[in-house]
Amino acid sequence: MNAFPPANIKGVKETRKPSPRSEGRRLWKTARAQRFRAWVLARDMGTCRICGRSATEVHHIDPIEAGGAVLSAGNAIAICHPCHLAQHA
């Protein structure tokens, strides 16, 4: 299976260092991130990799704040909302 394109997101200028939370919110509004999200959900056939229910979200295995790759196929899994909440609890 082909990996998603490299993780650099061009055209984003920083004037101050944003918080990881606000940076993540801005990232997921980009068209590239939305394509990546759709790609991960399709790759995992819309199934939560934790419990097997219908997946609606994408979870980063290694947190972005801890240096995990942002748009990397190897760092993302499809996950349902309850399992996603449990992963961040």
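Along the sequence shown, residues carry numbers from 1.
In this structure, R53 contributes its side chain and H81 its backbone to no donor-acceptor pair below 3.5 Å.
The two residues V58 and A76 make their nearest non-hydrogen contact at CG1-CB, 3.8 Å. Between C80 and C48, the shortest heavy-atom contact is N-SG, 3.4 Å. Residues A78 and L41 share a closest heavy-atom pair of CB-CD2, 3.8 Å. Of all heavy-atom pairs between L71 and F36, the closest is CD2-CD2, 3.5 Å.
If you chain together ILVMFWY residues whose side-chain heavy atoms come under 4.5 Å of each other, M45 ends up in a group of its own.
Remark: D62 engages no residue in a salt bridge (charged side-chain N to carboxylate O under 4.0 Å, His left out) (not counting sequence neighbours). The salt bridge (charged side-chain N to carboxylate O under 4.0 Å, His left out) search around R49 returns D44, not counting sequence neighbours. For H59, the side-chain contact (heavy atoms from CB on, under 4.5 Å) criterion is met by I77, I79, H84, Q87, H88, not counting sequence neighbours.
Connection of I50 to I61 is established within a shared hydrophobic cluster, with ILVMFWY side chains joined at heavy-atom distances below 4.5 Å, either directly or through further cluster members.
Of the inter-residue distances, the one linking R35 atom CZ with T30 atom OG1 reads 8.0 Å to the nearest 0.5 angstrom.
Within the structure, salt bridge (Lys or Arg N to Asp or Glu O under 4.0 Å) pairs that include any residue of residues 75-89 do not occur (at least two apart or interchain).
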